[in-house]
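Just so we're clear, the structure is a prediction, and the values are computed from it rather than from any experiment.
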Amino acid sequence: RSGEMAKLTQLIDNEVFRAYATYATIVLLKMMLMSVVTAYFRFSRKAFSSPEDVASFSKGDNAKKFLRTDEDVERVRRCHLNDLENIIPFFGVGLLYALSGPDLSTALLHFRIFAGARIFHTFAYLIPLPQPSRALSWGIGYAITFSMAYKALSKALYL
């Protein structure tokens with residue numbers, strides 16, 4: 001057991017792993033923040049999807065007016081869904097990439113570009129900025145994840 005603990009300590013001391021942990025935490029927190037933004041828009045627009053959510057606002061038939069979709073709420077929800085589709089793969093692929101022993105400067109470039117692209121994507125989605133700004137930021141983040149996957153696979157190719 002003590003040998004396993006030494007390996008974990010070595011992992012935490014690894015600069016690439018710490019960089020990965022830093023940027024993974026940033027994008028995961030950004031993704032979690034989208035839930036708060038969704039709730040804010042739901043309450044400020046009084047647009048809810050479940051009857052129990054409107055119970056504090058109104059009763060009976062009057063409550064039905066709060067059970068509706070709102071364009072702003074849906075925009076935030078779509079942005080959050082896009083985060084789920086992109087940040088979760090980054091989380092897994094980035095970990096495998098970090099464990100494959102890349103150069104620190106290359107790893108930092110991957111992690112920083114991905115985080116920047118996802119943050120910009122959120123602003124592009126919510127403001128909204130004209131296309132192709134959102135599409136480009138999505139594509140850059142996606143390409144970074146594929147680049148990390150390729151590099152991790154090429155280090156330990158057991159296909």
Side-chain angles (χ1 to χ4, degrees), residues 1-45 47-50 53 70-159:
R1 284 270 185 229
S2 62
E4 290 177 27
M5 207 50 162
K7 291 177 187 175
L8 181 60
T9 304
Q10 290 171 349
L11 183 62
I12 293 170
D13 289 339
N14 181 299
E15 288 181 310
V16 173
F17 182 78
R18 284 198 326 258
Y20 161 74
T22 300
Y23 287 97
T25 301
I26 289 169
V27 294
L28 287 170
L29 286 172
K30 185 223 110 26
M31 185 172 67
M32 290 171 60
L33 181 63
M34 294 307 297
S35 297
V36 175
V37 174
T38 303
Y40 167 78
F41 275 92
R42 282 203 181 281
F43 280 96
S44 67
R45 307 300 195 270
F48 301 96
S49 59
S50 301
D53 296 339
D70 177 86
E71 178 55 36
D72 293 330
V73 173
E74 292 306 308
R75 179 168 285 279
V76 175
R77 288 182 68 238
R78 288 190 306 267
C79 184
H80 191 194
L81 179 60
N82 194 278
D83 275 351
L84 290 168
E85 294 169 348
N86 289 274
I87 291 173
I88 291 173
F90 167 81
F91 191 72
V93 170
L95 176 61
L96 297 173
Y97 171 70
L99 296 174
S100 72
D103 181 60
L104 177 61
S105 61
T106 305
L108 279 170
L109 189 64
H110 278 91
F111 301 151
R112 288 174 177 165
I113 290 173
F114 181 85
R118 290 313 304 170
I119 291 167
F120 183 80
H121 181 271
T122 298
F123 285 111
Y125 218 130
L126 298 184
I127 289 177
L129 296 177
Q131 283 286 32
S133 57
R134 191 178 80 231
L136 287 173
S137 61
W138 171 84
I140 289 168
Y142 214 71
I144 289 294
T145 303
F146 269 105
S147 173
M148 291 187 302
Y150 173 78
K151 289 178 186 289
L153 281 173
S154 66
K155 283 282 187 165
L157 195 58
Y158 288 113
L159 298 176

Under 3.5 Å, which donor-acceptor pairs do the side chains of residues 35-42 form with other protein atoms, sequence neighbours left out?
{"from": "Thr38", "atom 1": "OG1", "to": "Met34", "atom 2": "O", "distance (Å)": "2.8"}
{"from": "Arg42", "atom 1": "NH1", "to": "Ala47", "atom 2": "O", "distance (Å)": "2.9"}

### Query
Hey, mind stepping through Val93 and Phe146 against side chain to side chain contact (heavy atoms under 4.5 Å, CB included) and telling me if it holds?
CA-CA 8 Å; Val93 170; Phe146 269 105; over 6 Å; no

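- Phe90 meets the ring pair (Phe, Tyr, Trp, His ring centres under 6.0 Å) test with Phe114; sequence neighbours excluded.
- When every heavy atom of Phe111 is checked against every heavy atom of Ala98, the shortest pair comes out as CZ-CB, 4.4 Å.
- Going from atom CZ of Phe91 over to atom OG1 of Thr145 covers 13.0 Å, rounded to the nearest 0.5 Å.
- For Val16 against Asn14, the heavy-atom pair with the smallest separation is N-OD1, 2.8 Å.
- Contact of the Asp72 side chain with the Val76 side chain is not registered, since no non-hydrogen atoms from C-beta on lie closer than 4.5 Å.
- A search for side-chain contact (heavy atoms from CB on, under 4.5 Å) contacts involving Ala117 returns Ile140, not counting sequence neighbours.
- Leu95 has its side chain within reach of Phe17: a pair of non-hydrogen atoms, C-beta onward, lies under 4.5 Å apart.
- The neighbour count for Lys151 NZ, taken as heavy atoms of other residues, nucleotides or ligands under 6.0 Å away, does not exceed 12.
- The closest side-chain heavy-atom distance from Pro128 to Arg75 is below 4.5 Å.
- Leu126 approaches Cys79 most closely through the heavy-atom pair CD2-CB, 4.2 Å.
- Across all their heavy atoms, Leu108 and Tyr23 have their closest contact at CD2-CE1, 4.0 Å.
- A search for side-chain hydrogen bond (donor to acceptor under 3.5 Å, both in side chains) contacts involving Gln131 returns nothing, not counting sequence neighbours.
- Exactly one of Asn86, Ile87, Ile26 qualifies for a side chain to side chain contact (heavy atoms under 4.5 Å, CB included) with Met31. That residue is Ile87.
- Pairs engaging residues 111-134 under the salt bridge (charged side-chain N to carboxylate O under 4.0 Å, His left out) rule: Asp83-Arg118 [sequence neighbours left out].
- Checked for salt-bridge contact, Glu85 and Arg78 miss the test: no charged N lies under 4.0 Å from a carboxylate O.
- Minimum interatomic distance between Phe120 and Ser133 (heavy atoms only, all atoms of both residues): CE2-O, 3.7 Å.
- Using cut-offs of 30° and 60° for the angle between ring planes, the His121 and Tyr125 rings count as perpendicular.
- Here salt bridge (charged side-chain N to carboxylate O under 4.0 Å, His left out) pairs that include residues 98-109, with residues two or more places apart or in two chains, number zero.
- The minimum heavy-atom distance between Ala19 and Leu104, with the atom names listed, is CB-CD1, 4.4 Å.
- Relative ring orientation between Tyr97 and His110 is described as tilted, the plane-to-plane angle lying within the 30° to 60° band.
- Looking at Ser147, its side chain never comes within 3.5 Å of a backbone N or O of Ala143 through a donor-acceptor pair.
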